[in-house]
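Below, read A as the first sequence line, B as the second, and so on, with proteins coming before strands; counting in each chain starts at 1. Because only heavy atoms are used, hydrogens play no part in the values below, and waters and symmetry mates are left out as well, while side chains stay in.
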There are 2 protein chains.
Amino acid sequence: MYSIAIEDYLKSIWKLGPKDVGTQELASHLDVKPASVTKMVLRLTEMGLVDHTPYKGASLTSEGELEALSVVRRHRLLETFLSQTLGLGRDQLHAEAERLEHALSKELESAIADYLGNPERDPHGHPIPGPNGELFGETDLPLSDSPMNEILTVMQIPDYDSSVSSWLENNGIFPGVKLEIKSRDDFDGGINCEVNNHIVRITSSIASLVKISKED
Amino acid sequence: MYSIAIEDYLKSIWKLGPKDVGTQELASHLDVKPASVTKMVLRLTEMGLVDHTPYKGASLTSEGELEALSVVRRHRLLETFLSQTLGLGRDQLHAEAERLEHALSKELESAIADYLGNPERDPHGHPIPGPNGELFGETDLPLSDSPMNEILTVMQIPDYDSSVSSWLENNGIFPGVKLEIKSRDDFDGGINCEVNNHIVRITSSIASLVKISKED
DNA sequence: TATAAAGTTTAGCCAAGGCTAAACTTAAAT
DNA sequence: ATTTAAGTTTAGCCTTGGCTAAACTTTATA
């Protein structure tokens, strides 16, 4: 069993990867100081979980990636489970799962997966890695790069910022919803979408985190 | 938020209390060395969670007890929730709840309590403290001290040893079951019970942990 | 009541995982 | 091509929560 701190480092490197992740970037993502990151990355390198090139950055070894995917699997299964059973809102799920993911045994993980019927996506539409790290569904496109005047299906929304989740929810944007880009602002990348007979303006930073699929 | 270690110390002192708990007793319950206990107990005393009389023992202050009860509440709610949703066996519940109890937010705690309809007992029959530490149902008697030839209702079985839980389960003994003491062994305190038309012999150490109620 | 045994505490050590301040690299800008 | 700025690493410190070994109390026994 790895410590909570180690699991958090691996998960962050995975999220910020797959290319080399800088010390500062990792530090701000984990909310610690860069010096702490350097020290921990050295330990993770010793442990064979991370490859580190001094002054360049860090990336996961295949062993590290497997462990990161296991944490992500637990996180996303928990989100799905809490949503299904307790009906928690999409904006509350992330924070709760973030805590619980480190305390989930293999047995409970698979009991939950069975209960849920081995789902492939969590309530934000994010793909749930399989028990051995298999990850499908990474083919969804950012809304920011999608064509205009075509019917698109929302596949994934971001999970880590509950104010963004709830803003999207309030504007009718969540996995499964159909929308169409009507126009875009060439200066700031903002997008005007028609969703459910309303026009919603989405900033480019949010649009790059909403993933869609074209066919369907 | 208290650390996991602190929550575990408070919970153990609560379980072993309410009278002063010795260093060694606490150490073996927590699976650490006595010297570690002394050190931590001093810290807890500084924090106002524990009263400590050197060479005598430790007990909870009212603030410490409130915190201990909060941990116990989380533990027992989780056991009930996991039993209800996933159908985990009584023998698996304790170990899972033990881990998760430290990662449960107030919000999730109350969402679970609401979902369950604010239950008063967990699947082992142990009373669940209320959100402010209210604890009912402490009137159940140990089976070891109960009269013979009377119909008794099993109220509580121990939770921390899964082999005991599953042994009891396999012998038809769990909360709600009726039984009758037919004879007892005056030397070792063992008890012969009729339960469900079978005779089951229960050792005195287990019998002191099974709690019953006389009036039904 | 003196002494041995049992239990408790103190002292000092260690690893994990943070931090700050200072040194060092690399990249950018004159 | 230098200098500066930005990013990274090193060095050294701190707290938490373990440990062992030695000292100290208390309790039980002779």
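Remark: B:Arg74 CZ to B:Glu7 CD distance equals 4.5 Å, nearest 0.5 Å.
Rounded to an integer number of Å, the gap from NZ of A:Lys33 to C1' of D:dG7 is 15 Å. One interatomic measurement links the two molecules: NZ of B:Lys56 to C1' of C:dG7, which rounds to 11 Å at whole-angstrom precision. Whole-Å rounding puts the A:Asp31 CG to C:dC19 C1' distance at 13 Å. Taking atom CG of A:Leu42 as the reference point, atom C1' of C:dG18 lies 15 Å away to the nearest angstrom. Atom pair A:Ile6:CD1 and C:dA15:P shows a separation of 15 Å (rounding to whole Å applied). Rounding to whole angstrom units, CG of residue B:Leu30 and C1' of D:dC19 are separated by 15 Å. Put simply, CD on B:Glu25 is 18 Å from C1' on C:dT9, counting in whole angstrom units. Taking atom CE on A:Met40 and atom C1' on D:dT8, their separation rounds to 17 Å, with Å as the unit.
Considering only side-chain N and O atoms, B:Tyr9 lies under 4.0 angstrom from the phosphate OP1 or OP2 of D:dG18. A close approach under 4.0 Å does not occur between any side-chain nitrogen or oxygen of B:His52 and OP1 or OP2 of C:dT8.
Side-chain atoms of B:Ala5 lie closest to D:dG18 of the nucleotides D:dG18, D:dT9, C:dG18. Comparing D:dC13, D:dT27, D:dG18 by their closest approach to the side chain of A:Lys39 singles out D:dC13. Closest approach to the B:Ala35 side chain among C:dT10, C:dG7, C:dC19 is made by C:dT10 (side chain taken as heavy atoms from C-beta onward).
Ranked by how close their nearest DNA chain C nucleotide is to the 5' end, A:Ser36 and B:Thr23 are led by B:Thr23. Between B:Gln24 and A:Tyr55, the residue anchored closer to the 5' end of DNA chain C is B:Gln24, taking for each the nucleotide with the nearest heavy atom. Ranked by how close their nearest DNA chain D nucleotide is to the 5' end, B:Ser3 and A:Thr38 are led by A:Thr38.
Residues A:Asp122 and A:His75 bring no donor and acceptor atom of their side chains to less than 3.5 Å of each other.
Relative orientation of the A:Phe81 and A:Tyr115 rings is perpendicular, given thresholds of 30° and 60° on the angle between their planes.
For B:Asp114, the CG atom counts as densely surrounded, since its 6.0 Å shell holds more than 12 non-hydrogen atoms of other residues, nucleotides or ligands.
With a 4.5 Å cut-off on side-chain heavy atoms, A:Asn192 and A:Val200 do not count as touching.
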